[in-house]
Every structure is written in structure tokens, then in C-alpha cells.
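Residue numbers start from 1 in every chain, and the chains themselves are labelled A, B, ... in the order their sequence lines are given, proteins ahead of strands. Side chains are part of it too, since the values below use all heavy atoms of this structure and drop only hydrogens, waters and symmetry mates. Keep in mind the model is a prediction, meaning the values are calculated, not measured.
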Protein chains: 2
Amino acid sequence: MLELRHLRTLIALDETGSISLAAQRVHLTQSALSHQIRALQEYYQLPIIQRSGHVVRLTDAGKRLVKLAEKVLGEVQSTERDLAKISQQAAGNLRIVLECHTCFDWLMPIMDNFRQHWPEVELDLVSGFHSDPVALLRQGAADVVIGSENKPQQGIVHFPLFRFEILAVLAPGHALGSKKVLEADDFTQDVLITYPVPEERIDLIRQVLMPAGVSWQRRTTELTVAILQLVASRRGIAALPGWGIKNYLDYEYVIARRIGAEGLWSDLYLSVREQDASLRYLQDFLKTIDQVCFARLDGIRPLSVQGSRKKLKEKRKK
Amino acid sequence: MLELRHLRTLIALDETGSISLAAQRVHLTQSALSHQIRALQEYYQLPIIQRSGHVVRLTDAGKRLVKLAEKVLGEVQSTERDLAKISQQAAGNLRIVLECHTCFDWLMPIMDNFRQHWPEVELDLVSGFHSDPVALLRQGAADVVIGSENKPQQGIVHFPLFRFEILAVLAPGHALGSKKVLEADDFTQDVLITYPVPEERIDLIRQVLMPAGVSWQRRTTELTVAILQLVASRRGIAALPGWGIKNYLDYEYVIARRIGAEGLWSDLYLSVREQDASLRYLQDFLKTIDQVCFARLDGIRPLSVQGSRKKLKEKRKK
DNA sequence: TAAAATCGTGAATAATTTTCATATATGCTT
DNA sequence: AAGCATATATGAAAATTATTCACGATTTTA
């Protein structure tokens, strides 16, 4: 019999076009999804997906079910917002510290959206730079930190958001463009263009340049577009999230290269005080980030890759 | 986490106002529903039902969830109709034999509704009386029988619809009105007004009068309203389903009495050929009957009272 | 053409849901 | 008011269902 679980799966499947990617999204194994889909097809006596090689496409029946899923899950979310109102958990503060500069790109539309649904929640961005953003949570100066911090800390909960790759950005025709993958040495010739934050907060420097013991020159600017503009006009090179430069790559305004054989990856978490972790509007905020980011951001991956059941179990034990 | 199962339960709960009745509707035990509700309340950290004595009422949160349930389950049903179209199972015949005369009352609106959703299905009523309606299925002269037949037969499937009580109907102020319960003897004085069908097809006669060995006088007429009119004008008494005379009782046009200490009950089944049992439009027809009857017909009960899991299991073994 | 990735499947395991067996509370009857 | 029938809650056991694991087949990629 059809359940919401199946609908959540179908949406992930529709968005990823792959069973294993969809499985990561919904925090299950590929096998679990394979079984789910089979059960659905058996139940409706209809093919839901069509396979040409490894590429999975939805059949008309599958598309119809996705349409249902979108409508239904939307209704569910809306209901859950109303329930929060009923339980008077609809008011509060959400002062956000953003460690990752580029994240403004996706956070802004989410904030707009959030404001419409939760008019009673004070939504703010905490500006300025902070060496220890999580401390702001403790001090009560902020309510949410979006950053890479994920070390377990007393009284703090880290929700995994996603993992993304940081790519080197070059002007089209740049000499390094001939290489498929850039190494630490490749960054010694050009000026490195970054946001104006301390060195230890720049992944490329902390994880690649410093360990390799090479030297570099740095120039900073506030805005992502400004960085890209400098790169394009050959004043230097940069390292930015893949999803942040997608459009510029498409227009061949700049080109991108992997950093190191495995690539340079960064994990993003959303951290809150423990007592805030179950707030309805916070949960909705998280859910919205998840939906929007995975739907719109290119090349990101779910954190906590395998099925999450084990992890939940471990969590409970604590 | 919320699942469709919970929504189905909530609708039943809303309509019955009782956990145990709702449990019967969804073919689960009272205990199962009790657990379900508890889980929901825990999940949302909100009371869903409020109890004043034995009467269960939904809280605002509960009502909001019911609203969701109605919308969502409607969408699901609509989707499933579309899937039937996709699988080209949307065309066929549904020639219905109706054993129970009064059932026209609820069947008509259902047929109208069905026609809108399944324009490609030829929907007809097979008229006339038939000593062995199920034989018509075999002969291919009909596709559906709605009646009391439920003996297992090769190649025929009986879907349980519901159980209802047959009440004696009297004119207001009738002498027998002073009794709470009527027995076989009470039917010897007055003319018994029935539909024009053979005696053995009238439950009162077959199950009460004949076993008691009493004699009776009978007069027949086609329409339920005509029967009631005759009763009201003191030309005789009748025995009709409780839900069929609800309105007339409310207006005190007639009065009703139980027949026998336990009451006289009748079970209704929908029978089809085995090969038709999984047809989508038939399943939808069944589902609609279920929904409409339990929502609108007064005093009916689900058949197969306990949780249905055991029965399903037994079925599979065969 | 080998290596890596993706998917399907049956069996094993884990998790969840349901039932069963009671306990408790309410309402009704005498 | 006492007793009985009915309705619900709850913990534990049982049943069912969902997920993972292990592995084979197939396809893509380098």
C-alpha cells in the first residue's frame, strides 16, 4: 500500500535520476530504494521507472506519482507549520551566523521563503567575522551557525547539511587550464583571490597550501562576483564551491579545475543550541534548506552517506 | 514520522468519534489505533484527541490533520484513477445485480459519482429478479452482485461491504410500539409489507418467522417510500434496514423496533468473478462504496470485525 | 579491456507495527 | 450504590515489514 515514504523516495528519484543518488538523499541504501520501487510497481502492476543502460527515467506512471508526491508533501509541510502555530511554537528568533561566504547565494532565497511561512520568527543575519562562531550560540548572541564545525560539543547539536567540492577557478585560456587537476605548487605563481577572512578559514590554504609548505600571495574582496571578475580579468585565481560558479562556467566566463586527485571537499553543518534543536520552525528551516539546496545546487552530496538508521540508533544510546 | 496510514486512521476517527469503531473501519484493533495516536502525539508533541469520559474528540491539531488527510487521500485516489488510465485498465463493463432492494438508496449516488470518474466503464443495473444472482456472473450476464451471498465458490470472490440491522417499522402509536423488542409472534396480527421478491429472500421471513413456525400475511410493493407510506397509514408493518428509514424516523413518520433480543442483522457482500477482482475500477468502486456508506449510512458496521491481518494470512495459504 | 559504478535480488537482520493480555476508567442498569 | 458492560491505555510478545548485506550481472568509463 502506498505510503508517504514512497512519495519521498520518488521525489528524490525524480531529482537525481539515479537510484543510488536518490538513496543518499533519503538516507537509505540503494538496495532499500530498489526494493521500494519494486514493491510499488508490483502494487500498481505498472512500471514506474524505465531503464536505458544505467540511466533511470520515470515512466508516465512514475511522473504521475511524482506529481502526487509534490502536492502531498507540500500539504504535509504546510500542515506541520500550522501545527507549530497551534502549539505556539511559531514565534522566536533565528539569528544566523554564516561561516561560508558563498552560501549567501542559496541562503537568501531560503530566508525570503522562510519569512513568508513564519512571520512571527525574527530572522536575522549576524554580520562580522567571528573566530569561534559556535561560541556565539553559547553567549546567546546568535541562534544558528552555518559552517564546517561538527565536533561534538556539550549543549550543541550539529545537523549535517551537505558536502560540496571546492574548485580552482581560472580565466579561460589560463596556462594551468591545460592540467586536469591542480596541485599546491600551481597556486604559487598567481595571486590568490579570497574573501577577507583569516587564512585558517580558507579551505584551500588550510588543507592544501599550508600542508604542502608552499607560499602564496593573497588579495581579498567581499563579493563572489568581484572575485570572479578579478579571475576573469586575469588578476589571479580563486577557489570556490562548484555550485557557486556553475553559471559562470556555463557562460565560459571562467573555467574550473579540480584541486588534488581526490578533489578538495568541504562539509557544511547547521549548529544550534541543544534546547533549540526540536523547535518546529528550526526543523522547517532545515527541511527547506535540504529541499532547496539539493534541488538547485549542482554537485552537492548528502552528508552521512549510508543509511542513517545505524546512526540514529547510536545517537539514542548516548 | 507521518505516514498515510495515520491519515487513514484519523479520518476514521473523525467520522466515528471512537477509537474502537475507527479501528473496525480500518480493520485494525483498538490497541493498534491507540498506539498510533500516541505515536502521533509524541511525534508532534501535541495532543491530537481530547477525551471527556468515553467520548473522543479531536483537538484543533487533530482537526488540522484530518483536513490534511481528506485532501491527501483524495489526491491519492485521484492519482490511482489516473494510473488505471495509463495502464489501460480504465475501460470495461460493470453490470450490477442488486439483491437488496433498499440498497438503491445509497447505490444511486455512488453510481453517479463513479460515472464521472470512469467515463469509459459501462455502468448498468441488471433488472429483474434472479434466484441465483451469482450464477449470472458465471454466465457473463452480470459483472457484480451486491447481496448477502458469501459462501466460497470456485472462481468467485466476495468482498465484504458491511453489516446492518433490520428493524421492524410501525406506524406511530401502534400497539406494538409499547414493546422494546418484537418477536416472531408479533408479526402475525398485521399485514407484512415487503418488496415483491420470493419469501426466502426476505430476511425477516427466512430467519425469524419460518423458524418460529408462525403464519403471516404479506402484501408487496416496489418502492421503499411506498412501503413506508403503507406502514404510516396503518395498513401493515414492515422490516427494513435501519439506515433506510433514518429520515422517516427523525420526522416521526414511522417508528422502529428491534427484532429479537439480539436484533436481526444482515451482511452485505460484493461478489465478482475472480479474474475481475483486481480491476482498478472495481477496486475504486469498492473503495467508494466503503467511504460513502460508512460516512452516510447510520448504524452500519464493518464486516470481519477484528484486525484483518490474520485473515489475509489465511487467504494466502490457500 | 580492465576497473569502477550502478542496479537487482535473495537472505539475513533490524525496525516497526500490530496483537494479546491486562489494567483502569466510564457509563449504564437495576 | 454496586455490578456489569463498554471503552481506552499500556507493556510485552508476536507478526509483519523495511532495510541492509552480500553478491552477481550489466554498463559506463578511462
*Are the side chain of B/Glu165 and the backbone of B/Trp243 linked by a donor-acceptor contact shorter than 3.5 Å?*
no
Can I get a per-line list of side-chain donor-acceptor pairs under 3.5 Å for residues 67-79 of chain A, giving both atom names and the distance, sequence neighbours left out?
| from | atom 1 | to | atom 2 | distance (Å) |
| --- | --- | --- | --- | --- |
| A/Lys71 | NZ | B/Glu75 | OE1 | 3.4 |
| A/Glu75 | OE1 | B/Lys71 | NZ | 3.4 |
| A/Gln77 | NE2 | A/Asp284 | OD1 | 3.0 |
| A/Thr79 | OG1 | A/Glu75 | O | 2.9 |
| A/Thr79 | OG1 | B/Arg64 | NH1 | 3.3 |
| A/Thr79 | OG1 | B/Arg64 | NH2 | 3.3 |

*Rounded to the Å, how far apart are A/Leu28 CG and C/dT16 P?*
12 Å
*Listed by chain and number, what are the side-chain contact (heavy atoms from CB on, under 4.5 Å) partners of A/Ser278, not counting sequence neighbours?*
none
*Can you check the A/Leu21 CG to C/dT6 C1' distance for me, whole Å?*
10 Å
*Sort and list the pairs that fulfil salt bridge (charged side-chain N to carboxylate O under 4.0 Å, His left out) and have at least one residue in residues 20-36 of chain B, not counting sequence neighbours.*
B/Glu15-B/Arg25
*asked:* Rounded to whole Å, how long is the line connecting atom CD of A/Glu3 with atom C1' of C/dT16?
replied: 12 Å
*Not counting sequence neighbours, which residues clear side-chain contact (heavy atoms from CB on, under 4.5 Å) with B/Ala184? List them please.*
B/Val208, B/Leu209, B/Ala212, B/Val214
*Rounded to the nearest angstrom, tell me the gap between atom CD in A/Glu42 and atom C1' in D/dT17.*
14 Å
_Taking salt bridge (charged side-chain N to carboxylate O under 4.0 Å, His left out) as the definition, give me every residue that meets it alongside B/Asp185, ordered by chain and number, with sequence neighbours left out._
none
*Scan nucleotides 24-30 of chain C nucleotide by nucleotide, 5' to 3', and note B when protein non-hydrogen atoms come under 4.0 Å of the base, S if they reach only the sugar-phosphate, - if neither.*
-BBS---
*Under the salt bridge (charged side-chain N to carboxylate O under 4.0 Å, His left out) test, residues paired with B/Asp267 that sit two or more places apart*: B/Arg163
*With sequence neighbours excluded, give me every salt bridge (charged side-chain N to carboxylate O under 4.0 Å, His left out) pair touching residues 286-295 of chain A.*
A/Glu80-A/Lys287
*Would you kindly give the CD-to-P distance between A/Gln41 and C/dC7, to the nearest whole Å?*
14 Å
Between the protein and nucleotides 8-10 of chain C, which nitrogen or oxygen pairs come in under 3.5 angstrom?
| from | atom 1 | to | atom 2 | distance (Å) |
| --- | --- | --- | --- | --- |
| C/dG8 | OP1 | A/Arg51 | NH2 | 2.5 |
| C/dG8 | OP2 | A/Ser34 | OG | 2.8 |
| C/dG8 | N7 | A/Gln30 | NE2 | 3.0 |
| C/dT9 | O4 | A/Ser31 | OG | 3.0 |
| C/dG10 | O6 | A/His35 | NE2 | 3.0 |

_Protein-nucleotide distance (A/Leu13, atom CG; C/dC7, atom P), rounded to Å_ = 9 Å
*Have a look at the helix from C/dT1-D/dA30 to C/dT30-D/dA1 and give the angle its two end axes make, five pairs each, rounded to 10 degrees.*
30°
*Could you check how far CG of A/Leu4 sits from P of C/dT17, rounded to whole Å?*
12 Å
*Between atom CG in A/Leu33 and atom C1' in C/dT6, what is the gap in whole Å?*
13 Å
_Non-neighbouring partners of A/Ser266 that pass side-chain contact (heavy atoms from CB on, under 4.5 Å), sequence neighbours left out_ = A/Phe164, A/Ile166, A/Asp203
*Go through the side-chain N and O atoms of B/Gln50 and B/Thr59 and say whether any donor and acceptor fall under 3.5 Å apart.*
no
_Where at least one partner belongs to residues 28-51 of chain B, residue pairs that pass salt bridge (charged side-chain N to carboxylate O under 4.0 Å, His left out), sequence neighbours excluded_ = none
*N or O in side chain of B/Gln36 less than 4.0 angstrom from C/dT17 OP1/OP2*: no
